[in-house]
Protein chains: 2
Amino acid sequence: MANPMYRQIAEHLREQIEGGELEPGQQLRTEIELREHYGASRNTIRDAIKLLTALGLVETKPGQGTFVVRKMEPYVTTLTGSPKVPTLYGEVDDSAAGHTEGRERLLYSTDPQVEIQKAPASVARLLEIDEGSQIVSRHQKRYIDGTPWSMQTSFYPMGFVLKGADRLIQAGDISIGTMRYLEQTLGLKQVGYRDWITVRTADATETTFFNLPLDGRVGVFEVFMTAYDRTKTPMRLTATVYPTDRNQFIVNVGDVPESVNGSELGPA
Amino acid sequence: MANPMYRQIAEHLREQIEGGELEPGQQLRTEIELREHYGASRNTIRDAIKLLTALGLVETKPGQGTFVVRKMEPYVTTLTGSPKVPTLYGEVDDSAAGHTEGRERLLYSTDPQVEIQKAPASVARLLEIDEGSQIVSRHQKRYIDGTPWSMQTSFYPMGFVLKGADRLIQAGDISIGTMRYLEQTLGLKQVGYRDWITVRTADATETTFFNLPLDGRVGVFEVFMTAYDRTKTPMRLTATVYPTDRNQFIVNVGDVPESVNGSELGPA
DNA sequence: GGGTATTTGTCCGTATGTATT
DNA sequence: AAATACATACGGACAAATACC
């Protein structure tokens, strides 16, 4: 008798989901049917479903019903390799799509959106420059197979542009890569970098772009990469945001096998 | 007029919180007062507060009120260093405690809880052994200054014990460290490791131990570290769980400065 | 395109329970 | 013990989204 009714109902449904009686993608009974089944009011049923939604077990679609969530095949990014692109394991979930078996996954980035800003405190601290000094920011949105994958913003000190790296402030891709471009124009060579990995709730922009539920249930990784030159001076700060529901990371240290064995990652 | 009322109210309160009009730790007006202020029903006010709770902006305490959350000073763990202990930045929030200024933070681990199990699929895959084969698991809970920090479980193939590393199955700490112990007894030397970083919702055990809200709002990092010997054979799998609301990670690659500059990390 | 049935979303009012002060 | 404040639960009404005919 300890637990409130809505939690008991949620627990009962959870057991059915995790026990496999309700399969991923399957529709639950409607709120009205569950109301009669459990002898509770519709609002109590809704509280139970809200709890399951918060736990990421079900999702509700207005006008359609409540469904057991289909787990997404994660994108796995290796942080200790360069460049940082995701290794993709397993198959795309194409149960809803047509005949797409065997296709390659397509990585697509928008053209960089370039702005000149005053450095906010967080950027200034990691770039080791004064707060409020001028910086160049280059922002890109990245998709995999049309699914929003990450949002990335790189920051450079404005001094780089003044010293000759003027293509930094031109919109559009720098085809040879910005790091190589900086080496060629300014002689700046990256000798190391530090990633700082955090998780926070998504803001409004991110919620929209990644198509996340607006209740803040799904957080985002925010990875700050500070690149250092030979003199251990920061030469670039890259902040990348990834939704936690479809991204994982790998860090390799020392001598390790080439790739993660097996085709399937993800929890057992 | 597009947005429902409870979201407009939540938005209004959110602006007050992020604008600093409502300070961390400060109590919001009660549901009854907000009901009169916004001309909505108490249930609608509660919906707004539930949304803010899901976004991690406020917390409710029965019998007391609703409060703006106090951000925790994060524990920062460097994944590319060994051993993996958190670097601690900034001050402990001791506004509620007494005179504790200047004290050191204390790291405490419970004695290992040792079990012999059959390898579940996820463990077998990363240890590259057969599913269902015997493994030794050693589980520890770790605290910083009394605050639950992480739960760690290490898995070793049972063969290690049979070959002479019998202290693996004794409860209690192996003071010289298990890696050194395995090197001394079996000649197994770790030459590298791979960390695999995921985020998922906390289960019931974790929710209890870390004292997380039961609505699944706060997720947990799950870091799987696979250690490899000279022959690139996995010799240990360590799974560590950290709540995302108080943990961050650092990855260093190449030549980087000693420490993160400045005393304060965390969002601007 | 329009209309209707179905299903979830929002909002209200009320009553009672539980935790804290 | 009493007051306060949030938590649970009920029932009802209408809105909005979707699917189907």
Side-chain angles (χ1 to χ4, degrees), chain A residues 1-13 17 22 25-69 96 207-208 211-217, chain B residues 1-13 17 22 25-69 96 207-208 211-217:
Chain A
M1 305 302 148
N3 270 358
M5 191 189 304
Y6 78 97
R7 264 188 254 168
Q8 292 180 29
I9 295 171
E11 179 63 17
H12 187 240
L13 290 169
I17 292 168
L22 292 167
Q26 187 178 341
Q27 181 171 5
L28 271 67
R29 280 170 289 184
T30 67
E31 293 174 354
I32 305 296
E33 288 169 337
L34 290 171
R35 176 177 72 81
E36 284 156 10
H37 182 274
Y38 287 106
S41 80
R42 189 185 153 217
N43 280 325
T44 300
I45 297 296
R46 282 178 60 74
D47 281 343
I49 289 177
K50 265 184 223 161
L51 182 51
L52 295 176
T53 302
L55 295 174
L57 292 172
V58 304
E59 57 186 343
T60 59
K61 300 180 185 176
Q64 298 184 56
T66 305
F67 302 84
V68 180
V69 294
T207 300
T208 304
N211 202 14
L212 302 177
L214 51 76
D215 60 9
R217 174 162 68 41
Chain B
M1 306 300 147
N3 272 358
M5 192 189 307
Y6 78 97
R7 263 188 252 166
Q8 293 181 29
I9 295 171
E11 179 63 17
H12 188 240
L13 289 169
I17 291 168
L22 291 167
Q26 186 178 343
Q27 181 171 5
L28 271 66
R29 281 170 289 183
T30 67
E31 294 173 352
I32 305 296
E33 287 169 337
L34 290 171
R35 176 177 73 81
E36 286 157 9
H37 182 274
Y38 287 106
S41 82
R42 189 181 154 223
N43 280 328
T44 300
I45 297 295
R46 283 179 60 75
D47 282 343
I49 290 177
K50 266 184 222 160
L51 181 52
L52 295 176
T53 302
L55 295 174
L57 292 173
V58 304
E59 57 188 343
T60 58
K61 300 180 186 176
Q64 298 184 56
T66 304
F67 302 84
V68 180
V69 293
T207 299
T208 304
N211 200 15
L212 302 177
L214 51 77
D215 59 9
R217 175 162 71 41

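Residue numbers start from 1 in every chain, and the chains themselves are labelled A, B, ... in the order their sequence lines are given, proteins ahead of strands.
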Check your understanding: Whole Å only: how far is the CD atom of A:E59 from the P atom of C:dT7?
Key -> 18 Å
Check your understanding: Is any side-chain nitrogen or oxygen of A:T44 closer than 4.0 Å to OP1 or OP2 of D:dA9?
Key -> no
Exercise for review: Could you tell me the separation between the CD atom of A:E36 and the P atom of C:dT7, rounded to a whole number of Å?
Suggested key: 11 Å
Exercise for review: Find the distance A:K50:NZ to C:dC11:C1' and express it as a whole number of Å.
Suggested key: 11 Å
Study note, to complete from the structure: Rounded to whole Å, OH of A:Y38 lies from P of D:dC10 at a distance of 14 Å
Point to revise | Options C:dT10, D:dA17, D:dA7, nucleotide nearest the side-chain atoms of A:P62 | key: D:dA17
Point to revise | Distance, rounded to the nearest Å, where B:N43 contributes CG and D:dA7 contributes C1' | key: 11 Å
Check your understanding: Rounded to the nearest Å, what distance is computed from the CZ atom of residue A:R7 to the C1' atom of nucleotide D:dT8?
Key -> 10 Å
Practice item. Go through the N and O atoms of the side chain of A:R42 and the base of C:dG9, and report whether any donor-acceptor pair is under 3.5 Å. Key: yes
Practice item. Work out which heavy atom in B:R42 is nearest to a heavy atom in B:I32; give both atom names and the distance. Key: CD-CD1, 4.0 Å
Practice item. Assign each of B:G65 and A:K61 to its nearest nucleotide of DNA chain D by heavy atoms, then name whichever residue's nucleotide is nearer the 5' end. Key: B:G65
Check your understanding: Does a nitrogen or oxygen in the side chain of B:T60 sit under 4.0 Å from OP1 or OP2 of D:dA7?
Key -> yes
Study note, to complete from the structure: Quick note, B:T30 side chain, CB onward, closest among C:dT10, D:dT8, D:dA5 is D:dA5
Check your understanding: Are A:Q64 and C:dT8 close enough that a side-chain N or O sits under 4.0 Å from OP1 or OP2?
Key -> no
**Study point:** Spacing of A:E31 atom CD relative to C:dT10 atom P, expressed in whole Å
**Key:** 11 Å
Point to revise | Parallel, tilted or perpendicular: rings of B:H12 and B:Y38 (30°, 60°) | key: perpendicular
Study note, to complete from the structure: pair_partner(C:dG9), Watson-Crick or wobble, both distances < 3.5 Å, evaluates to D:dC14
Review point. Which listed nucleotide (D:dA7, D:dA13, D:dA9) is nearest to the side chain of A:S41?
Key: D:dA9
Revision key, fill the gap. Note: A:D215 and A:T53 closest approach over all heavy atoms is OD2-CG2, 4.2 Å
Check your understanding: Should B:E31 and B:R46 count as side-chain neighbours, where that means a heavy-atom distance under 4.5 Å?
Key -> yes
Check your understanding: In whole angstrom, what separates B:Y6's OH from C:dG9's P?
Key -> 9 Å
Review point. Which distance, rounded to the nearest 0.5 Å, do you find between the CD1 of A:I49 and the OG1 of A:T44?
Key: 11.5 Å
